[in-house]
Protein chains: 2
Amino acid sequence: MARPRRSHHIPIATVTRLPLYQRVLTEVLRAGQTTISSEELAVLAGVNAAKVRKDLSHLGTFGTRGTGYDPGYLVSQIDHCLGVDRDWPLAVVGVGNLGRALVNSEGFSTRGFRVAALFDVDPEVVGQVVGGMVVRHLDALDRWGTPEDLDASQAGGDPDLPGPARLEIGVIATPAEAAQDVADRLVAAGVGAILDFAPRGLRGPSDIVVRYVDLSMELQVMSFFQSRRHAAWEDRPVPVPVPVPVLGAAGQAGSSGAA
Amino acid sequence: MARPRRSHHIPIATVTRLPLYQRVLTEVLRAGQTTISSEELAVLAGVNAAKVRKDLSHLGTFGTRGTGYDPGYLVSQIDHCLGVDRDWPLAVVGVGNLGRALVNSEGFSTRGFRVAALFDVDPEVVGQVVGGMVVRHLDALDRWGTPEDLDASQAGGDPDLPGPARLEIGVIATPAEAAQDVADRLVAAGVGAILDFAPRGLRGPSDIVVRYVDLSMELQVMSFFQSRRHAAWEDRPVPVPVPVPVLGAAGQAGSSGAA
DNA sequence: CTGTGTGAACTCGTTCACAGCA
DNA sequence: TGCTGTGAACGAGTTCACACAG
């Protein structure tokens, strides 16, 4: 038991659920619970118990038969698998409302992501301190890590921040028109993964990993479901008075859940 | 040809790609292009041509063999399928950075979503005008549409706003602690679909459709890919100089694309 | 001859059911 | 006995390849 698995291929579908388990496990852990069954974890995460077991079995054999899993150990193993136990210096480009929301979000802080740099082009915004970080001009991204950059390095309020490290992940929170230019600069700066909030597909080297989050897409999917709801309503003889079960996510690959 | 299909069951995977096609088609249409092949649409959307054809065939037979599709007609058909041609009054709860970003986002306006109401509990925020809408106190949500609500109705700067209509879709952009309470109130107000940005699963009637968008989840998935990138690097004999192809999305169900 | 529309093959993910260990 | 771990069955979604319409 408790044997981590040598990098067996982990399905993407599983990966997208791991952060969800983390969230649940962290809560369970805070409640002082010392063991958890796949069934319990499943209910809390709003998925099926078999799925939980299969997902976890892809990382290794962490459970104790007849008992369940140790939440603490599970958390550390999932963290390791996701690489969240390492430090991935993050750059956020575009410090408008969305950028600020991201930097200040619970997710950024609670899951150990460290914002290493903020960039914008608006003179109003450049120089502002957001989340304890000075916003730099986008041009500074091009000379990130080079000697000329030293002047701006220690401008942040936090003295224990390390100097400019190689940026690993870039987050694009700019208007759509700027996205491609920003992506090019991020790639040039050595970023290997990009999370893009701008509704625009990106071109670039094929070894760069990109994920898109498009708010209006999500809304349009909601619109679809709402349409069907209304259509279904016309058929129903009685508008059934509802029970109070759990809300699973509507046709989503990763995110879902119920607590 | 051009025969819409009577509500055949449409796969969720297809639905999540339709907004992506819309985005591409709208650009193509703006460029004055009068016809588009599945191949071209596929490249622009960053997916496979067969997938495009299969997806579209689920809505009906809109193409002309030997020629391609009419972008304008396609847009209108997809809009209809998604229900975006109807009006779904939207409520956004939580007008912090994220809420503001959402309300002002291109997606909300360009895809025809109309924000019918904004709610918050912060006295600093209540009464502010955001995106041409007055922010109401959350308590006003409980009496939405009832006679007592009339006083606040015409407070917005925009005189051609219709009166309080039944809210159809709710967007939760509050801190996690508030999410469940807000969800309960939204459901009580008659909302049928909820888009939840708070990292917390929701309980409620099973006929309410919920989709979750969790920023930190996305980041953790990025972290996973970045880990594997680094791991792969150690094996590679040569850090290959990269070509410049298109960036597909990394293991995503819906969102993806390249323009 | 070009490009759609679609059955059929295939791949990936989910669920089942139970063997095996604590 | 109880719950994990997993092969095997199933189902959803993707890709292939080709018949057929313009």
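In what follows, chains carry the letters A, B, and so on, assigned in the order in which the sequence lines appear, proteins first and then strands, with residues in each chain numbered from 1. Both backbone and side-chain heavy atoms feed into the values below; hydrogens, waters and symmetry mates do not. Here the structure is a predicted model, which means the values were calculated and not measured.
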Determine whether a donor-acceptor pair (N or O, by modelled atom type, separation under 3.5 Å) exists between the side chain of A:Ser223 and the backbone of B:Leu82. yes

A:Thr61 has its side chain closest, among D:dG5, D:dT15, C:dG5, to D:dG5

Euclidean distance, atom CG of residue B:Asp70 to atom C1' of D:dG22 [Å, nearest integer]: 16 Å

Sequence neighbours excluded, the answer for side chain to side chain contact (heavy atoms under 4.5 Å, CB included) partners of B:Thr174 is B:Val93, B:Ile172, B:Ala178, B:Ala179, B:Val182

In terms of relative ring orientation, are A:Tyr73 and A:Phe62 parallel, tilted or perpendicular, with 30° and 60° separating the classes? perpendicular

Over how many whole Å does the gap from B:His9 atom NE2 to D:dG11 atom P extend? 14 Å

For atom CZ of B:Phe62 and atom C1' of D:dA21, their distance in whole Å: 18 Å

At less than 4.0 Å, is any side-chain N or O atom of A:Asn48 found next to OP1 or OP2 of C:dT14? Yes or no. no

Comparing A:His58 with A:Arg65, nearest DNA chain C nucleotide closer to 5' gives the residue A:His58

Per A:Arg17 side chain, nearest of listed nucleotides C:dG5, C:dT4, C:dT14: C:dT14

For atom CD of A:Glu39 and atom C1' of D:dT4, their distance in whole Å: 13 Å

Taking the nucleotide of DNA chain C with the nearest heavy atom to each, does A:Thr14 or A:Arg53 sit closer to the 5' end? A:Thr14

Between C:dT4 (C1') and B:Leu74 (CG): distance, integer Å: 12 Å

So if I take every side-chain heavy atom of A:Lys54 and compare against D:dT14, D:dG5, C:dT15, which nucleotide ends up nearest? C:dT15

Is there a side-chain contact between B:Ser38 and the phosphate of C:dG3, meaning an N or O under 4.0 Å from OP1 or OP2? no

Has A:Tyr69 got a side-chain N or O lying under 4.0 Å from the OP1 or OP2 atom of D:dG5? yes

Listed nucleotide nearest any side-chain atom of A:Ala13, set D:dG22, D:dG13, C:dG13: C:dG13

Choose from D:dC16, C:dG13, C:dG5 the nucleotide whose nearest atom is closest to any side-chain atom of A:Ile12. C:dG13

Rounded off to whole Å, could you give me the CG-to-P distance for the B:Asp55 and C:dT6 pair? 13 Å

OG of A:Ser216 to CZ of B:Phe113, rounded to nearest 0.5 Å, is 7.5 Å

Heavy-atom distance under 4.5 Å between the side chains of A:Cys81 and A:Ile10, does that happen here? yes

Closest-nucleotide mapping onto DNA chain D: is B:Lys51 or A:Leu56 further toward the 5' terminus? I mean the 5' end. A:Leu56

